[in-house]
Amino acid sequence: MSPAHAAPPTDEERLRQLGYEPKLIRRMGEFGNFASSFSVISILSGCMTMFAFGLNTGGPAVMFWGWIGVGAMVLFVGLALAEVTSAYPTSGGLYFMAHQLGGPRWGWLVGWLNLLGLVGGICGIDYGAASFIGAFLNLQFGYEPTPGGLFAIFTAVLLLHALLNLPEVRRVSVLNSISVWWHIGGVVLIVGALAIVPSRHQDAGWVVGHFVNNTGWSSPIYVSAVGLLLAQYTFSGYDASAHMSEETTRAAVSAPRGIVRSIWASWIAGTVLLTGLLFAVQDYDAVLGTTTGVPPAQIFIDALGTTGGKALLVVVIVAQLFCGNAETAAASRMVFAFARDGALPGSALWSRVSERTGTPVAGVWLSVGAALVLALPSLYSATAYGAVTAVNVVGMTPAYAVPIYLRLRRGQKFRPGPWNLGRRGPLIGWIAVGWVAVVSVLVCLPQSYPVTVDTFNYAPVALLAVMVLAWVWWLRAGRSYSPPVQQSAELAGLSEGVV
């Protein structure tokens, strides 16, 4: 039988061809893999926690059209990344792809960027959930959230996510699957209630055309560009499907499908959610100045009353908890893989896998512990949460582009997996790289004027810090970094399928 017609390798054979002996247990199906990325994107987390940002930075017009436009561009990024994921379905995800396509220095840099983004993601998601829990406690018990109180809630949420990720991956898969239906049902419930109950709604022209600039900058073009970050912040974390691939059956197909499906499903559901929220705004200034600290809660209260508002707030909080749990799972697998290849201090510890559960227990604790440390400045600065969000995006965004760029640079030498874009691959890839370049600039721009200590955008500082850290650690310990080189019999016959 010729190689072109040989039976495709099993998941375990494929992983061995990539140089790894299987350690994690494959108990996640295609839907569970999709649910991982969909849960991390979490429109009920990103859209809600960034809603105030959108109201100030362009208002309804930029929020609505920005979501549509950014979603389309992110889909190009997801398609291009999915193609590379199909060729290299490992828990290492982005850094392993970069290593195979560009060499160890590329892999090392992407790994540190990806790790920064994932830990920043846990921190931002769980701190956002803590803020919404604080708003609920304010409505229910009159509790006034303080920095210390919010940090205590945040710590409890982190602990919950650590404990949920310690058992076997099947529990994570089940929770992620429930999360999908909770998000979809939550959007239907929220938008349905906001459409039916209030006697007054904004008109369509206001929703798609009303522009607001509370940034201090005078240029509407500049403000609109910065306002796109609401959508871009939300459309992050879909590489979770890649990080879960060593625990997914038919990973070379399931993981890339999970990436793409999570993006377009979130795109559609997010459009419905944002539109429903904007139509239901009763008093713009009151929403921005809400005593709850979270504008969507005020929209709920104004439209449905206190009891109805609290009920919808619970729906959002549960969705955010699902989101943080999925992000913790993805980050712990990245920690496991990066440590397995000798890239972290104490790699022997962080790469351990529980013989009983088949999960990287040490990696789970390191992920939530690092997120806890990253959030410590929130005890002293009200701008810390925005800085943490910036850390997430500034780490993840360039990390997405590098494997795509290196795949384009390889040209015909790149051997695609069974899920691929065919002739459309290069065009889609260059569009993706171009968009990531634009976003990498946008995320580093000042968002408010005048620029002070409290309004400074810390994203460039975070990017510079992680690159310096990566370089210094490379000089000291780069020799210990040793991902395997793919065997010469490179997945023969696996490039026949086209998406």
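Note that CD1 of Ile404 is 9.0 Å distant from CE of Met97, once rounded to the nearest 0.5 Å. Atoms CG and OG1, from Leu118 and Thr328 in turn, are 10.0 Å apart once rounded to the nearest 0.5 Å. To the nearest 0.5 Å, the span separating CZ on Phe38 from CZ on Arg261 amounts to 13.5 Å. In this structure, CH2 in Trp435 is found 6.0 Å from CD in Gln232, a value given to the nearest 0.5 Å. Once rounded to the nearest 0.5 Å, the distance linking OG1 of Thr290 with CG of Asp285 reads 12.5 Å. How far OG of Ser241 is from CZ of Phe34: 8.5 Å, rounded to the nearest 0.5 Å.
Taking both residues in full, the closest heavy atoms of Ser448 and Val451 are given as O-CG2, 3.6 Å, listed atom of the first, atom of the second, then distance. A pairwise comparison of heavy atoms in Val223 and Gly58 identifies CG1-N, 3.7 Å as the closest pair. Taking every heavy atom of both residues into account, His201 and Ala280 meet most closely at CD2-CA, 4.4 Å. In plain terms, the two heavy atoms of Val260 and Ala82 that are nearest each other are CG2-CB, 3.8 Å. Scanning both residues, Ala337 and Ser91, for their nearest heavy atoms gives CB-C, 3.7 Å. The minimum heavy-atom distance between Leu288 and Ala52, with the atom names listed, is CD2-O, 4.1 Å.
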Do Tyr127 and Val157 pass the side-chain contact (heavy atoms from CB on, under 4.5 Å) test, and can you show the C-alpha distance, the side-chain angles, and the key distance before you say yes or no?
CA-CA 8 Å; Tyr127 198 88; Val157 173; over 6 Å; no
Decide side-chain contact (heavy atoms from CB on, under 4.5 Å) for Leu113 and Leu94; before the verdict, give the C-alpha distance in whole Å, the side-chain angles of both, and the deciding distance to 0.1 Å.
CA-CA 10 Å; Leu113 286 172; Leu94 306 177; over 6 Å; no
Any chance you could lay out the side-chain contact (heavy atoms from CB on, under 4.5 Å) test for Val287 and Leu55, step after step, and finish with the verdict?
CA-CA 9 Å; Val287 168; Leu55 292 177; 3.8 Å; yes
Could you walk me through whether Tyr233 and Val70 pass the side-chain contact (heavy atoms from CB on, under 4.5 Å) check?
CA-CA 10 Å; Tyr233 284 153; Val70 171; over 6 Å; no
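Within the 4.5 Å cutoff, the side chain of Thr155 has heavy atoms near those of the Phe151 side chain. Under the 4.5 Å side-chain criterion, counting only non-hydrogen atoms from C-beta, His161 is not in contact with Ile125. The closest side-chain heavy-atom distance from Pro403 to Phe96 is not below 4.5 Å. Counting heavy atoms from C-beta outward, Ile25 and Glu168 have side chains that stay 4.5 Å or more apart. Looking at heavy atoms from C-beta onward, Phe31 lies in side-chain contact with Val180 at the 4.5 angstrom threshold. Counting heavy atoms from C-beta on, the side chains of Trp112 and Tyr95 never come closer than 4.5 Å. A 4.5 Å side-chain heavy-atom check between Met50 and Leu229 finds every atom pair outside the cut-off. A 4.5 Å side-chain heavy-atom check between Phe338 and Asn114 finds every atom pair outside the cut-off.
When each of Leu273, Val62, Thr234, Leu228 is tested with Trp67 by the rule side-chain contact (heavy atoms from CB on, under 4.5 Å), just one qualifies, namely Thr234. Considering Tyr222, Phe456, Trp217 as possible partners of Tyr449, the one that fulfils the ring pair (Phe, Tyr, Trp, His ring centres under 6.0 Å) test is Trp217.
In this structure, the side chain of Ser37 engages the main chain of Tyr238 through a donor-acceptor pair within 3.5 Å. A donor-acceptor contact shorter than 3.5 Å links the side chain of Trp350 to the backbone of Pro345. A donor-acceptor pair is defined here as one N or O able to donate and one able to accept, closer than 3.5 Å; no such pair exists between the side chain of Asn325 and the backbone of Val172. Of the possible donor and acceptor atoms, none in the side chain of Trp267 sits under 3.5 Å from a partner among the backbone N and O of Phe235. In this structure, Gln202 contributes its side chain and Val281 its backbone to a donor-acceptor pair below 3.5 Å. Looking only at distances, a side-chain donor or acceptor of Ser245 sits under 3.5 Å from a matching main-chain atom of Ala242.
Surrounding CZ of Arg200 are more than 12 heavy atoms belonging to other residues, nucleotides or ligands, all under 6.0 Å away. Within 6.0 Å of CZ on Phe76 lie no more than 12 heavy atoms contributed by other residues, nucleotides or ligands.
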Output side-chain donor-acceptor pairs under 3.5 Å for residues 463-470, partner residues at least two apart or in another chain, one line each.
none

Donor-acceptor pairs under 3.5 Å, side chain of residues 299-321 to any protein atom, not counting sequence neighbours: which ones?
from	atom 1	to	atom 2	distance (Å)
Asp302	OD1	Gln298	NE2	2.9
Lys310	NZ	Gln140	OE1	2.7

Which donor-acceptor pairs under 3.5 Å do the side chains of residues 358-377 make with protein atoms, sequence neighbours left out?
from	atom 1	to	atom 2	distance (Å)
Thr359	OG1	Leu166	O	2.9
Thr359	OG1	Thr357	OG1	2.7
Ser367	OG	Ser332	N	3.4
Ser367	OG	Gly363	O	2.8

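Phe211 pairs by the ring pair (Phe, Tyr, Trp, His ring centres under 6.0 Å) definition with nothing, not counting sequence neighbours.
Side-chain atoms of His243 and Asp239 include a donor-acceptor pair closer than 3.5 Å. Side-chain contact check for Asn138 and Thr292: no donor-acceptor pair (N or O, by modelled atom type) lies under 3.5 Å. Using modelled atom types and a 3.5 Å distance limit, the side chains of Thr248 and Asn33 yield a donor-acceptor pair.
Ring geometry, Trp206 versus His210: the interplanar angle falls under 30°, so the pair is classed parallel (tilted spans 30 to 60°).
The list of side chain to side chain donor-acceptor pair (under 3.5 Å) pairs with a residue in residues 174-190, not counting sequence neighbours, reads Ser36-Asn176, Ser39-Ser179, Ser42-His183, Ser179-His183. Evaluation of the salt bridge (charged side-chain N to carboxylate O under 4.0 Å, His left out) test over residues 313-336, restricted to residues two or more places apart or in two chains, returns Glu247-Arg333.
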